[in-house]
Amino acid sequence: MSHATTDPFYICGPTASGKSAMALEIAAQLAGEIVNADAFQLYQGLEIVSAAPSPEERAQAPHHLYGVLDPSVAADAGSYLRLVRPVMEAIQARGKTPVVTGGSGLYLKFLTHGPAPLPTGDATLRAELDAIPLEELVARLRALDPVEAERTALQNRRFVSRALEICLLSGQKASDLRDRWQSQTAQLATQLRGCIIQRTRPDLHARIANRTRAMLDGGAIAEVAALTNASANCEKAIGVREIRALLAGEIARATCENLINAATRQYAKRQESWFRREHWLQPVPR
RNA sequence: GGGUAGAUGCCCGAGUGGCUAAAGGGGGCAGACUGUAAAUCUGCUAGCGAAAGCUUACGUUGGUUCGAAUCCAUCUCUACCCA
C-alpha cells in the first residue's frame, strides 16, 4: 500500500504512553505538523491538567489545535471534526503531513471514518430527557425504534437517551440511519496509516503516577483554581474534579493524587480497549 | 501495670451458630461505545476444574457443637482511656 506523502499519520495510545514525544519523532521524519486529537487538550486553561505538549515541545514542530477552545464551550466529536478538517487540509496544501496525535478514540474515529448522518445533540432536548426516569426512556425508545432498543445497552442512560434523541430529532429510526452509515464505512480503514503505542501495564501505571505528581507540583492546582467559567464537561475532566475537591478542603493532597491516578489508570484501560479494535493501527511496543 | 474497643478476602467494610467462599464499596482485570467520550455503561475478581465438585480462607493456638467468621479460653498485635 502506498501513500501520498501528505496522507495523515495517526499516533494513538493510552494516556501517558508517550504520544507527544513520538509525534515529534514522526513529524521530523515525515516533514509533518502535529495536530491534536485529544478532547481536553483542545481547551485553553487546561494545558497542565490535560498534559498538553509543553512550550518546549511545541517549539520543536508546528502544533495545531492545542488550547484553542474556551473552557465554557461544550465541544463534541462533530464540532471537533469541523475544527480539524480545515487545519489538516491547510497542512497538506503546504505539502506537509498532518501527524494527528491524541487519545480520544471517538474523535479519532470521526476523523478516520467520518460522521454518521445523525442529528447533532440538542441541549434543550437533552435537558428534557434527563428529567425522565430511565425506564420511561427505554419504553419510549422501544415504541419508536424497537430494533435500536434491542441493540442498545439499556442500563446506559446516555446511550438510550441519544438513541431517542436521534429518533425525535430526525423523525427517522436511529437503527436505520446507523445501518446505512455502517455499510458505507467498511472499507475506509484499509487506506489509513498510523500506530498505537503499547506499554506494559506496570510501566504505564508508573508513568501515570510520575505524571500526576509532576502535574500537581507543576501548577495544576493553580490552573484549576483559575478555571472559573468551565463547561460542565470540562469540570468532569480527570484532575479537574479531584483538584476541585482538594481546593474545597474535602480531601487531602495525597488523596487527590491517588484519585487522579486511579481515574487515569481506568481511562487508559478504556483507551486500550477502544484502540484494540482499530486493527489498522500498527502496534509499536515501547 | 489496669480498663475498654477492635483484628474479616488486594484495600475499606457488613456479618454475631447452619441459607457464608462470606453483603456493599474501592482497587484490579476484561468488554461495550459515532456528536456529553478524560464521558457513560456491562461482566468477572481465593486456588484447581468445562462442570459437578474439591481444597484453602474471617489475627494465634486450643476448646464447645452434628455444624463456628460468629460461642468459650489462650496468646499476639492495634487504638483509645485510667495509672
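In what follows, every chain begins at residue 1, and chains take the letters A, B, ... in the order their sequences are listed.
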For B:G35, decide between syn and anti, treating a glycosidic angle within 90° of 0 as syn.
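Syn, which is what one calls it when the glycosidic angle falls within 90° of 0.
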
In plain terms, say whether A:Asp145 and A:Arg178 are close enough for a salt bridge, that is, a side-chain N and a carboxylate O under 4.0 Å apart.
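Judged by the 4.0 Å cut-off on N to carboxylate O distance, A:Asp145 and A:Arg178 do not form a salt bridge.
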
Could A:Arg140 and A:Glu128 be called an ion pair, given the rule that one side-chain N must be under 4.0 Å from one carboxylate O?
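Looking at A:Arg140 and A:Glu128, the cut-off is not met.
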
Heavy atom of [range] under 4.0 Å from RNA chain B: which residues?
{"range": "residues 232-243 of chain A", "value": "A:Asn233, A:Lys236, A:Ala237, A:Ile238, A:Arg241"}
{"range": "residues 258-276 of chain A", "value": "A:Arg265, A:Gln266, A:Tyr267, A:Lys269, A:Arg270, A:Ser273, A:Trp274, A:Arg276"}
{"range": "residues 109-123 of chain A", "value": "A:Lys109, A:Phe110, A:His113, A:Gly114, A:Pro115, A:Ala116, A:Leu118, A:Thr120, A:Gly121"}
{"range": "residues 199-206 of chain A", "value": "A:Arg201, A:His205"}

For [N] versus [M], give the span between their [atom1] atoms, rounded off to a whole number of Å.
{"N": "B:G31", "M": "B:A21", "atom1": "P", "answer": "32 Å"}
{"N": "B:U74", "M": "B:A5", "atom1": "P", "answer": "15 Å"}
{"N": "B:G13", "M": "B:U61", "atom1": "P", "answer": "24 Å"}
{"N": "B:U55", "M": "B:C11", "atom1": "C1'", "answer": "25 Å"}
{"N": "B:G28", "M": "B:C19", "atom1": "P", "answer": "32 Å"}
{"N": "B:A23", "M": "B:A46", "atom1": "P", "answer": "9 Å"}
{"N": "B:C10", "M": "B:G47", "atom1": "C1'", "answer": "15 Å"}
{"N": "B:G26", "M": "B:G9", "atom1": "C1'", "answer": "13 Å"}

Testing the 3.5 Å rule here: is there a donor-acceptor pair between the side chains of A:Thr264 and A:Arg211?
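Side chains of A:Thr264 and A:Arg211: no pair found under 3.5 Å.
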
Less than 3.5 Å apart, any donor N or O on the side chain of A:Ser231 or A:Asn233 sitting next to an acceptor on the other?
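Their side chains do not contain a donor-acceptor pair, so the 3.5 Å distance test is not met.
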
Should stems be defined as at least three consecutive Watson-Crick or G-U pairs with both distances under 3.5 angstrom, which of them involve RNA chain B?
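Consecutive-pair runs (3 or more) involving RNA chain B: B:1-7 with B:76-82, B:10-12 with B:24-26, B:27-32 with B:40-45, B:46-48 with B:53-55, B:61-63 with B:71-73.
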
Rounded to whole angstrom units, what separation is found between the OH atom of A:Tyr107 and the P atom of B:A38?
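These atoms are roughly 7 Å apart.
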
Rounded off to whole Å, could you give me the CG-to-P distance for the A:Asn156 and B:U40 pair?
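These atoms are roughly 10 Å apart.
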
Which part of the nucleic acid, if any, lies within contact of A:Ala75, taking any heavy atom under 4.0 Å across all strands shown: a base, the sugar-phosphate backbone alone, or nothing?
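Sugar-phosphate only.
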
Give me the ring orientation class for A:Tyr80 and A:Tyr107: parallel if the planes are under 30° apart, tilted from 30 to 60°, perpendicular past 60°.
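Rings of A:Tyr80 and A:Tyr107: parallel, as their planes differ by under 30°.
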
Distance-only donor-acceptor hits, side chain of residues 202-210 of chain A, under 3.5 Å, sequence neighbours excluded:
residue	atom	partner	partner atom	Å
A:Asp203	OD2	A:Arg199	NE	2.9
A:Arg207	NE	A:Ala16	O	2.7
A:Asn210	ND2	A:Ala206	O	3.4

Nearest atoms (heavy-atom pairs only) where A:Ala237 meets A:Glu242
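Looks like O-OE1, 4.3 Å.
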
Kindly compute the distance separating CD (A:Gln60) from CG (A:Leu24), expressed to the nearest 0.5 Å.
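If we round to the nearest 0.5 Å, A:Gln60:CD and A:Leu24:CG are 5.0 Å apart.
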
Closer than 3.5 angstrom, by distance alone: can the side chain of A:Gln182 be matched with the main-chain N or O of A:Arg180 as a donor-acceptor pair?
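Flag not set: sc A:Gln182 to bb A:Arg180 has no pair under 3.5 Å.
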
Given 3.5 Å as the limit, does a donor-acceptor pair link the side chain of A:Glu278 with the main chain of A:Phe275, or not?
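No.
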
